[in-house]
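Take this structure first; my questions come after.
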Amino acid sequence: MEALDLTKRPKSKLALKPEWADVCFTCGTCASGCPVTGVDGWDPRKAVRAALLGLEQELVDSRWPWICTICGRCEYMCPQGVNLMALIRYARTLRERDKVPGVLHKGVAMCLERGNNLGIPETDYLFLLADLSKEMEEGTVETEHGEEYPPYPGFYCPVDKEGANIIVTINSKEPMGEPEDMMFWWRIFYAAKESWTVPKQNWEGVLWGLFTGDDDALKEQCRRIIENARKVGAKTILYPE
Amino acid sequence: MSVFELLKEYIETGRIKLDKSKYEGKKITIHDPCNYHRKSFMSFGQHFLDECRWVTAQCCPEIVEMEPHGMNGLCCGAGGGAWASPYVQERIDYGKWKADQIKATGTDLICAPCHNCRDQIMKSLTKEFDIPQRTYYIWELVSDCVIMEPWSEEEVKKSHEERDKQYERDDIDLDEEY
Ligand code: SF4
Ligand code: SF4
């Protein structure tokens, strides 16, 4: 291994602010509390060192920033207040978009284009909500765990309801695979006689831009959620993720 | 608004009433999702740990904590996008920390307030590590205990009118597509 000449180290592409890495005094607290210390030979302390010593590309190219779950334990305990999560997330940002592992970036692109990560068309979505509403009203719901529920007379799922008090985002896995799970909230709203609604468009609540380090996508997704709330005049956004 | 605050408000103000016999005699442990608690505290100064326990206790008062929990709690292993990532074995290895914690509590139920954590625990870790407990969302617990009081005829009528207006606007005809 060649020795690094620290007098000639280029400006780090990764350690953008002093509190992201410079202030670290290498105590190792972060690494001792991290559940993925040692995976592929990395740990959070090493990630900080890499960012400072001009080795950031090795980190960016490694799987490790994606195996870390950005859980924040390291940062919570760091005596120097190093912004480890921002640093690791930015290592993800520096990955070329077509090399983002798995489906995450595809989901982000799909969400920007069609309003949800799985590309569920609006007509299917609206029909599903209406159909489930009918089942719930009639008490003919079948659940995976075999629970039985009574009829809920008068229930329906309001979509873009003007003047609703609460607007609720939806996790696209539910309409796709576990639609009955949406009824947990529906039953609570029914009992509470809440004035609530879901958005007609751009209802996705799972913002993968957060995970892929894609700030522009994340901003756009948040803007849409707020726009939906403004449109119907809802004071509260419920984001049950 | 956080799900904990909303549920707490509904219960506290009596807007929903809970049937406390549903989980009588059962014990529950709580998984603290990083985003709801630690990261919420680090970003916004509020960790909601007490609200989460208060709401859970309204449904199932016997709570057995994992060690560590709360602000020092361990991630379920699927956070930060890992649930959707191709590094499956790494996600499961990470989750073993959580699975061991859960099993050590010896409870009947697990409360996992977040979608992602619930999926990791219920759909993956339960099978990989033979976790005997069943996993619930916190709103699932509340929903299962809520006492259903049917609306009055008037309320039902008003709701049907609103519904019909909405379906007309959105061009929904349930009979047609059957
Ligand atoms: S805990 Fe903080 S100061 Fe200690 S090594 Fe980690 S980043 Fe550096
Ligand atoms: S955020 Fe990542 S590096 Fe920090 S403790 Fe969690 S898994 Fe480890």
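All chains are named by letter (A, B, ...) in the order of the sequence lines, taking the proteins before the strands, and each is independently numbered beginning at 1.
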May I ask you to decide whether R169(B) forms a salt bridge with D160(A), counting only side-chain N to carboxylate O separations under 4.0 Å? no
Okay, D93(B) and chain A: the region with an atom under 4.5 Å from a heavy atom over there is neither
Relative to chain B, which segment of K193(A) carries a heavy atom at a distance below 4.5 Å: side chain, backbone, both, or neither? both
Main chain of C157(A), side chain of Q166(B): is a donor-acceptor contact present, judged purely on distance under 3.5 Å? yes
Heavy-atom proximity to chain B below 4.5 Å, by part of D40(A): neither
Short N-O contact, R163(B) and E137(A), less than 4.0 angstrom: yes
Region of E162(B) in contact with chain A, defined by heavy-atom distances below 4.5 Å: both
Residues, nucleotides or ligands: over 12 heavy atoms within 6.0 Å of K26(B) NZ: no
Okay, M85(A) and chain B: the region with an atom under 4.5 Å from a heavy atom over there is side chain
Can you say whether R38(B) sits under 4.5 Å from chain A via the side chain, the backbone, both, or neither, judging by heavy atoms? side chain
Closest-packed option against chain B by number of heavy-atom pairs under 4.5 Å, given Y152(A), Y149(A), F184(A): F184(A)
Under a 3.5 Å distance rule, please check whether E155(B) uses its side chain to pair with a backbone N or O of G154(A) as donor and acceptor. no
Is there a donor-acceptor pair closer than 3.5 Å between any side-chain N or O of W151(B) and the backbone N or O of F155(A)? no
Answer key: most heavy-atom pairs under 4.5 Å with chain B among V36(A), L126(A), V39(A) is L126(A)
Between R91(B) and chain A, with a heavy-atom cut-off of 4.5 Å, which part of the residue counts as in contact: side chain, backbone, both or neither? neither
Under 4.5 Å from any heavy atom of chain A, what part of V146(B) do you find: side chain, backbone, both or neither? side chain
Turns out that what part of L141(B) lies under 4.5 Å from chain A's heavy atoms comes down to neither
Side chain, backbone, both or neither: which part of E149(B) has a heavy atom under 4.5 Å from chain A? backbone
Could you check which of G102(A), G33(A), C71(A) has the highest count of heavy-atom pairs closer than 4.5 Å to chain B? C71(A)
Hey, mind stepping through T123(A) and D171(B) against side chain to side chain contact (heavy atoms under 4.5 Å, CB included) and telling me if it holds? CA-CA 9 Å; T123(A) 42; D171(B) 209 10; over 6 Å; no
Answer yes or no: are there more than 12 heavy-atom neighbours, outside E161(B) itself, under 6.0 Å from its atom CD? yes
Looking at K158(B), K157(B), K17(B), R118(B), which makes the most heavy-atom pairs under 4.5 Å with chain A? R118(B)
